[in-house]
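Positions are given from 1 along the sequence.
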Amino acid sequence: MILSGREIVKHIGKEIIIEPFDPKRVNPNSYNLSLANELLVYDEHVLDMKKPNTAHRIEIPEDGLLLEPNRLYLGRTNEYTKTDRYIPMLEGRSSTGRLGLFIHVTAGFGDVGFAGYWTLEIFCVQPIRIYPNVEICQIYYHDIDGEYDSYSSGKYQNNTGIQPSLLYRDFEKD
């Protein structure tokens with residue numbers, strides 16, 4: 001079951017943390033999150049799952065930044081979120097989707113207990129100018145049934161910024 005906007009508000013400061021929180025961003029069953037003023041772009045055209053891939057930061061100026069199609073940009077939310085007892089999910093807003101802007105390629109599913117900033121996998125189908133602090137996506141929460149273990153992976157938990165893929169760490173276990 002998805003929590004209503006009213007239920008999200010009831011759980012703010014308890015099982016749901018969104019900092020900063022603005023009541024104007026509450027929707028009927030979600031909350032709008034905004035884009036921070038920086039992006040991370042991989043340096044190589046060919047990426048390798050088994051190794052760290054180098055990347056560089058790009059600042060999004062107040063007058064906007066033009067994104068190119070067929071290029072992956074990693075961004076992050078301005079908001080720090082933390083959940084307990086609910087599954088956080090991330091989706092693009094319909095207004096951004098109607099501009100051909102995707103805010104996650106495949107990773108919109110969160111885990112119970114996740115704490116940190118959301119890394120956004122930004123991709124566009126045609127050139128688009130983006131701006132810092134725009135409400136770019138929405139978080140919503142599913143109830144969970146049964147006993148569960150909270151997210152405790154060291155890869156992305158308690159992050160403080162944009163997180164490139166750390167998949168290469170999975171290969172190091174072998």
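- Taking every heavy atom of both residues into account, P61 and P132 meet most closely at O-CD, 3.2 Å.
- Rounded to the nearest 0.5 angstrom, R98 CZ and R93 CZ are separated by 10.5 Å.
- Rounded to the nearest 0.5 Å, atoms OH (Y42) and CG (L47) are 6.5 Å apart.
- Note on V26: it clusters hydrophobically with I16, by side-chain heavy-atom contacts below 4.5 Å among ILVMFWY residues.
- Side chain of T77 to main chain of W118: a donor-acceptor pair is present (N/O by atom type, distance under 3.5 Å, no hydrogens or angles).
- The shortest distance between side-chain heavy atoms of P28 and S4 does not fall below 4.5 Å.
- Counting heavy atoms from C-beta outward, N53 and E44 have side chains that stay 4.5 Å or more apart.
- When the side chains of ILVMFWY residues are joined at heavy-atom separations under 4.5 Å, either directly or via intervening members, Y86 and L33 end up in a single hydrophobic cluster.
- No single ILVMFWY cluster, assembled from side-chain heavy atoms under 4.5 Å apart, contains both F123 and V41.
- The CG atom of L74 sits 11.0 Å away from atom CD of E38, with the distance rounded to the nearest 0.5 Å.
- Rounding to the nearest 0.5 Å gives a distance of 6.0 Å between CG of L90 and CG of L120.
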Evaluation steps, side-chain contact (heavy atoms from CB on, under 4.5 Å), between Y131 and D63 = CA-CA 7 Å; Y131 300 89; D63 60 347; 5.5 Å; no

Show the atom names and distances, to 0.1 Å, of all donor-acceptor pairs under 3.5 Å that link a side chain in residues 17-25 to residues at least two apart or in another chain.
| from | atom 1 | to | atom 2 | distance (Å) |
| --- | --- | --- | --- | --- |
| D22 | OD1 | K24 | N | 2.9 |
| R25 | NE | E135 | OE2 | 3.3 |
| R25 | NH1 | S34 | OG | 3.4 |
| R25 | NH1 | E79 | OE2 | 2.8 |

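- Looking at K10 and E7, a side-chain N of the basic residue comes within less than 4.0 Å of a carboxylate O on the acidic one, giving a salt bridge.
- Checked by atom type and distance alone, the side chain of N32 never pairs as donor or acceptor with a backbone atom of Q138 at under 3.5 Å.
- I87 contributes atom CD1, which lies 10.5 Å from atom OH of Y140 (distance to the nearest 0.5 angstrom).
- The two residues T119 and Q163 have their closest heavy-atom pair at OG1-N, 3.0 Å.
- A chain of hydrophobic side-chain contacts below 4.5 Å, direct or via other Ile, Leu, Val, Met, Phe, Trp or Tyr residues, connects I103 to L65.
- Between E121 and V105, the shortest heavy-atom contact is OE1-N, 2.9 Å.
- The closest side-chain heavy-atom distance from P164 to L40 is below 4.5 Å.
- In terms of heavy atoms, Y168 sits closest to K50 at CB-C, 3.5 Å.
- One hydrophobic cluster, built from ILVMFWY side chains closer than 4.5 Å, holds both I58 and I60.
- The shortest heavy-atom contact between N78 and A36 is OD1-CA, 3.1 Å.
- Atom OH in Y73 sits 4.0 Å away from atom CD in E68 (nearest 0.5 Å).
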Chi angles and distances behind the side-chain contact (heavy atoms from CB on, under 4.5 Å) call for T96, V134 = CA-CA 10 Å; T96 56; V134 66; 6.0 Å; no

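- Among all heavy-atom pairs drawn from N159 and Y156, the shortest one is ND2-O, 3.1 Å.
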Starting from the C-alpha separation in whole Å, work towards a yes-or-no answer on side-chain contact (heavy atoms from CB on, under 4.5 Å) for L101 and L67.
-> CA-CA 10 Å; L101 184 64; L67 299 185; 4.1 Å; yes

Quick one: side chains of residues 142-151, donor-acceptor pairs under 3.5 Å with protein atoms, not counting sequence neighbours, listed by atom name and distance.
| from | atom 1 | to | atom 2 | distance (Å) |
| --- | --- | --- | --- | --- |
| Y148 | OH | D84 | OD1 | 3.4 |
| Y148 | OH | R85 | N | 3.3 |

